[in-house]
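Indexing begins at 1, ligand by ligand and atom by atom, following the structure's order. Reckoned from all heavy atoms, side chains included, excluding hydrogens, waters and symmetry mates.
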Amino acid sequence: MRSNRRPLPLLASLCVLFVGIPGCHGWGWDGHYTTCKLAEPYYSNATVSAIQNLLAPGQYLPDLCSWADDVRSVYKWSAALHFADVPDDSCVFNYTRDCHDEYGVPGRCVVAAICNYTTQLIDGYSSGNSPYNLTQALLFLSHFMGDIHQPLHLGHEGDRGGNSIIVYWYNTRTNLHHVWDTSMIYTEEDDFYNGSVDQLEAAIAQNITSDEVQQWQTCSGGQPPCPIVYASESVALACEWAYNGVTNYSTLGDDYFYSRWPIVQQQLSRGGVRLAAALNRIFGSS
Ligand SMILES: *[C@@H]1O[C@H](CO)[C@@H](O)[C@H](O)[C@H]1NC(C)=O
Ligand SMILES: *[C@@H]1O[C@H](CO)[C@@H](O)[C@H](O)[C@H]1NC(C)=O
Ligand SMILES: *[C@@H]1O[C@H](CO)[C@@H](O)[C@H](O)[C@H]1NC(C)=O
Ligand SMILES: *[C@@H]1O[C@H](CO)[C@@H](O)[C@H](O)[C@H]1NC(C)=O
Ligand SMILES: *[C@@H]1O[C@H](CO)[C@@H](O)[C@H](O)[C@H]1NC(C)=O
Ligand SMILES: *[C@@H]1O[C@H](CO)[C@@H](O)[C@H](O)[C@H]1NC(C)=O
Ligand SMILES: *[C@@H]1O[C@H](CO)[C@@H](O)[C@H](O)[C@H]1NC(C)=O
């Protein structure tokens, strides 16, 4: 049922039409689905039943991991929570400097949002007494854990995370941000997995080693999630891989795709493993 399903994500397509809308950031539908599905093998029993309790019967979390994009135009306050930009001459994340919205209001960025929804779930789930809608908290957290691992989410301010860098992906005109959100994932699916997001996800899942799981689940000096660490990794990857060698109107093809795909795969994997670690910390590891 779910395989080969390719609903064109509404907001991803809007990103193409209105290139450069501020806040048009994050993996596309397949990237978010993949992140949330990659998390599944690492869930504790407590996490499995909490997810079940928070969703309606028949709902499946990976199918809902793009919900936060769908409500972005309704909940306008949430747009800034999908990303954080750094100054154009920087390749490091500085929370004080970089975590704000377009008006400069501090604490309005993906790093703070991950902490916000983690806290809402920790405080409210076991007490059964929360002022917040915890289903929405779960869906926002699952989505933002994906977004923060998309390197161009932590991109440069001047080009809006690559949104205003026009590129040709093979023959198709798009922008650099969209290449990382969507194009590389779809090209990989089409070229190697018969257009099936489930086959791609299964292949990525098989590639994750137990050493990586061990390493990614851990936050030095604290409990997962540690979004400042994830943001710092993403900015470094944005500079080293996403922007590197690209100028306005570059044509990107096999060379770019084959050298960058391992980064995409690694970031999807980290997002999944770390989402599971965060949820296990929230709901209990037993
Ligand atoms: C979940 O519970 C089952 C049976 O109660 C147990 O066999 C299994 O190891 C548990 N799984 C995890 C991930 O704790
Ligand atoms: C981070 O940014 C703030 C505000 O611009 C600055 O005061 C601080 O020194 C920066 N921290 C580091 C480690 O660069
Ligand atoms: C925290 O969550 C609430 C409820 O969704 C929201 O109103 C608020 O803007 C969020 N703040 C951040 C920084 O995520
Ligand atoms: C919580 O949010 C979900 C998803 O938006 C919605 O379906 C549900 O009705 C909300 N629950 C309450 C009690 O408002
Ligand atoms: C790329 O070119 C377009 C139009 O030619 C321009 O609007 C955009 O700002 C340029 N991008 C950058 C990053 O300079
Ligand atoms: C590829 O997808 C097509 C259409 O969905 C299907 O008919 C075909 O059996 C698939 N091939 C493989 C190798 O999975
Ligand atoms: C899995 O890892 C191998 C070896 O590193 C690599 O060739 C392959 O492309 C990876 N699979 C996926 C789905 O990226």
S.K.: State whether a side-chain donor-acceptor pair under 3.5 Å links Asp89 with His156.
M.R.: no

S.K.: Among Thr96, Asn94, Asp98, which one puts a heavy atom closest to atom 11 (N) of ligand 2?
M.R.: Asn94

S.K.: Tell me whether the centres of the aromatic rings in Trp169 and Phe257 are closer together than 6.0 Å.
M.R.: yes

S.K.: Can a protein heavy atom be found under 4.0 Å away from atom 13 (C) of ligand 4?
M.R.: no

S.K.: So which heavy atom in the protein is nearest atom 5 (O) of ligand 2, and how far is it from that ligand atom?
M.R.: Arg97 CB, 3.9 Å

S.K.: For atom 7 (O) of ligand 2, is the nearest protein heavy atom closer than 4.0 Å?
M.R.: no

S.K.: Less than 3.5 Å apart, any donor N or O on the side chain of Ser285 or Asn280 sitting next to an acceptor on the other?
M.R.: no

S.K.: What's the spacing between Tyr75 OH and Asp70 CG if we round to 0.5 Å?
M.R.: 11.5 Å

S.K.: What atoms of ligand 4 come within less than 4.0 Å of a heavy atom belonging to Trp67?
M.R.: 5 (O)

S.K.: Kindly identify the option in Asn133, Leu139, Val71, Val74 whose heavy atom sits closest to atom 3 (C) of ligand 4.
M.R.: Asn133

S.K.: Is the closest side-chain heavy-atom distance between Trp77 and Arg108 below 4.5 Å?
M.R.: yes

S.K.: Do Phe283 and Asn53 come within less than 4.5 Å of each other through their side chains, counting heavy atoms only?
M.R.: no

S.K.: Return yes or no for this condition: an N or O of Gln136 is under 3.5 Å from an N or O of ligand 4.
M.R.: yes

